[in-house]
Amino acid sequence: MTGPAAKEAVVAPLLSWFRRNARDLPWRRGYDPYHILVSEFMLQQTQMDRVVVYFLEWIRRFPTLKALARADEAEALKLWEGLGYYSRCRNLLAAARTIVETWNGRVPEDPASLMTLPGIGPYTAGAVSSIAYNRPVPAVDANARRVVSRLEARPFRNDRDVASFLAGIIPDDEPRSFNQALMELGALVCTAARPSCDVCPLNSACKGRSSGAIPLTPSAAVMRRPTRPAAAAVLFAGGKVFLRRRPDAGLWAGMSEFPWEETAPDESPESAARRAIAPFYEETGAVGVIGPVSHAFTGNRIRLTGVLLRLRPERETPESLARAHGRWVPLETLSDETLPAGSRKLRDLLLRDVNSRSHPEMTPEGV
DNA sequence: GACACGTGGGT
DNA sequence: TACCCAAGTGT
């Protein structure tokens with residue numbers, strides 16, 4: 001059923017429910033296209049509650065598209081620290097610059113134009129077009145896919161099929177609310193794990209419910225490997241610590257981190273930490289341990305132990321050896337660095353310990 | 001179409 | 001602990 005009947009049974013109850021249950025989000029006050037653009041980038045594969053915090057900080061620092069277009073990438077990345085998928089941040093900045101240069105500073109309205117911008121695919125194009133400009137185009141995310149496939153009690157082959165179905169029922173007068181309502185319903189009521197059908201505004205129209213079969217969308221099911229132990233080297237000398245620079249492509253491209261390696265079976269954290277710095281340095285011995293912290297990333301999960309290593313100053317020349325592979329950073333400015341989550345957690349533990357004088361040997365006077 | 005790309009929270 | 005999930009995109 002894709003005709004007027006579906007519209008009657010679905011659209012009005014859905015919009016009515018949304019009016020009563022829409023969460024109060026910062027970008028829902030005025031629907032500034034720049035705000036919608038930022039929120040949609042941040043919301044890619046990321047949950048609402050976490051995004052709100054980052055969004056507010058971002059808008060405080062970059063209140064307008066033009067302000068963002070002028071920004072340093074390093075400063076933008078610092079604001080993104082901890083949110084993950086850092087190419088989103090780089091793409092958002094690049095998109096802002098392109099919009100200023102070739103779109104006269106105005107976020108494009110139509111999906112095809114939006115799709116030409118970096119980091120914007122079919123979903124984000126539809127979301128920005130409909131939510132920022134109230135254009136009647138579908139926005140198919142995981143929520144829309146799940147809600148629609150349950151509603152129709154049939155699998156959809158791909159997002160284009162879902163979009164075709166939605167194009168048939170999306171109301172011309174309220175596409176902004178309709179698309180948000182569909183996603184909001186999926187996030188709050190028609191959830192993946194345990195849908196609350198008894199309070200769902202669409203339960204009487206839902207074929208999945210009436211047929212007793214609530215199909216679940218095939219999950220991407222990223223197979224995680226079990227948690228493995230790893231060790232990071234917190235190598236220090238003269239009040240500075242060493243950070244390894246990651247390659248310009250791939251995981252955490254171009255970011256800095258404490259050098260780390262997975263620990264081999266029966267290997268100690270100290271040994272693994274030494275292996276991590278072996279390409280650059282020798283050291284005199286482990287003087288302490290921080291953590292462990294748990295760190296999950298793209299199919300992996302590690303328990304990361306930080307091993308404090310003191311550089312052997314009479315045998316190493318810190319600056320020259322490090323230059324190609326990393327940098328020495330003073331403890332005082334370590335919190336300014338943009339680090340992947342695992343290193344960030346270790347840094348926070350480290351700075352806490354340093355401030356409480358748990359590791360006096362790390363300060364310049366201690367060396 | 002498969003895979004890389006982060007992270008934290010829920011169960 | 002381990003698995004699943006989240007307003008996807010680029011290659």
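In what follows, chains are A, B, ... by sequence order, proteins preceding strands, each numbered from 1.
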Among [options], which nucleotide has an atom closest to any side-chain atom of [X]?
{"X": "A:Q44", "options": "C:dG8, B:dG9, C:dA2", "value": "C:dG8"}
{"X": "A:Q47", "options": "B:dT7, B:dG9, C:dT9", "value": "B:dG9"}
{"X": "A:H295", "options": "C:dG8, B:dT7, B:dG8", "value": "B:dT7"}
{"X": "A:R301", "options": "B:dT7, C:dC4, C:dG8", "value": "C:dC4"}
{"X": "A:R88", "options": "C:dA6, C:dA7, B:dG6", "value": "B:dG6"}
{"X": "A:R146", "options": "B:dT7, C:dA6, C:dG8", "value": "C:dA6"}

Check whether any side-chain N or O of [X] sits under 4.0 Å from OP1 or OP2 of [N], and answer yes or no.
{"X": "A:T191", "N": "C:dC5", "value": "no"}
{"X": "A:R344", "N": "B:dG8", "value": "yes"}
{"X": "A:K345", "N": "B:dG8", "value": "yes"}
{"X": "A:Y85", "N": "C:dA6", "value": "no"}
{"X": "A:T227", "N": "C:dA2", "value": "yes"}
{"X": "A:W252", "N": "B:dT7", "value": "yes"}

Check: A:D336/A:T333 side-chain N/O donor and acceptor closer than 3.5 Å: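 Looking only at side-chain atoms, A:T333 and A:D336 do not form any donor-acceptor pair under 3.5 Å.
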
Do A:Q180 and A:R28 have side-chain atoms, one donor and one acceptor, less than 3.5 Å apart?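 Yes - a donor-acceptor pair under 3.5 Å links their side chains.
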
Rounded distance in Å - [atom1] ([X]) to [atom2] ([N]):
{"X": "A:D248", "N": "B:dC5", "atom1": "CG", "atom2": "C1'", "value": "16 Å"}
{"X": "A:Q45", "N": "B:dG8", "atom1": "CD", "atom2": "P", "value": "15 Å"}
{"X": "A:L339", "N": "B:dT7", "atom1": "CG", "atom2": "P", "value": "10 Å"}
{"X": "A:R50", "N": "B:dG8", "atom1": "CZ", "atom2": "P", "value": "6 Å"}
{"X": "A:L166", "N": "C:dA7", "atom1": "CG", "atom2": "C1'", "value": "14 Å"}
{"X": "A:L83", "N": "B:dG9", "atom1": "CG", "atom2": "P", "value": "13 Å"}
{"X": "A:L37", "N": "C:dT9", "atom1": "CG", "atom2": "P", "value": "12 Å"}
{"X": "A:L114", "N": "C:dA7", "atom1": "CG", "atom2": "C1'", "value": "15 Å"}

What is the nucleic acid contact for [X], judged by heavy atoms within less than 4.0 Å: base, sugar-phosphate only, or nothing?
{"X": "A:R176", "answer": "nothing"}
{"X": "A:A127", "answer": "nothing"}
{"X": "A:G250", "answer": "sugar-phosphate"}
{"X": "A:S39", "answer": "nothing"}
{"X": "A:A187", "answer": "sugar-phosphate"}
{"X": "A:Q180", "answer": "nothing"}
{"X": "A:M48", "answer": "base"}

Here's a test of your reading of the structure: between A:G119 and A:L25, which maps to the more 5' nucleotide of DNA chain C?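 Taking each residue's closest nucleotide, the earlier one in sequence belongs to A:L25.
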
On DNA chain C, compare the nucleotides closest to A:N91 and A:R23; which residue's is nearer the 5' end?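 Per heavy-atom nearest nucleotide, the more 5' residue is A:R23.
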
Note: A:K78-A:E81 ion pair, threshold 4.0 Å (strictly below):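 Looking at A:E81 together with A:K78, the answer is yes, because their closest N to O distance falls below 4.0 Å.
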
With the threshold set at 4.0 Å, does a side-chain nitrogen-carboxylate oxygen contact exist between A:R245 and A:D248?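 Counted as a salt bridge, because a side-chain N and a carboxylate O are separated by less than 4.0 Å.
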
If you look at every heavy atom in A:R344 and A:G82, which pair is closest and at what distance?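 Reported closest heavy-atom pair: NH2-CA, 3.5 Å.
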
Mind checking the P distance from C:dA2 to B:dC5? Whole angstroms is fine.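 Looking at atom P only, C:dA2 and B:dC5 are 23 Å apart.
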
Face-on cation placement of A:R176 at A:Y31 ring, 6.0 Å and 45° thresholds: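 Pair A:R176/A:Y31 counts as cation-pi.
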
Determine whether any donor atom in the side chain of A:T46 lies under 3.5 Å from an acceptor atom in the base of B:dG6, or the reverse, and answer yes or no.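 A donor-acceptor contact between them is present.
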
Hey, which sits more toward the 5' end of DNA chain B by its nearest nucleotide, A:N158 or A:A341?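 Here A:N158 is the residue nearer the 5' end.
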
Specify whether A:W328 and A:Y281 have parallel, tilted or perpendicular ring planes, treating 30° as the upper limit for parallel and 60° as the lower limit for perpendicular.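 Perpendicular: the ring planes of A:W328 and A:Y281 meet at over 60°.
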
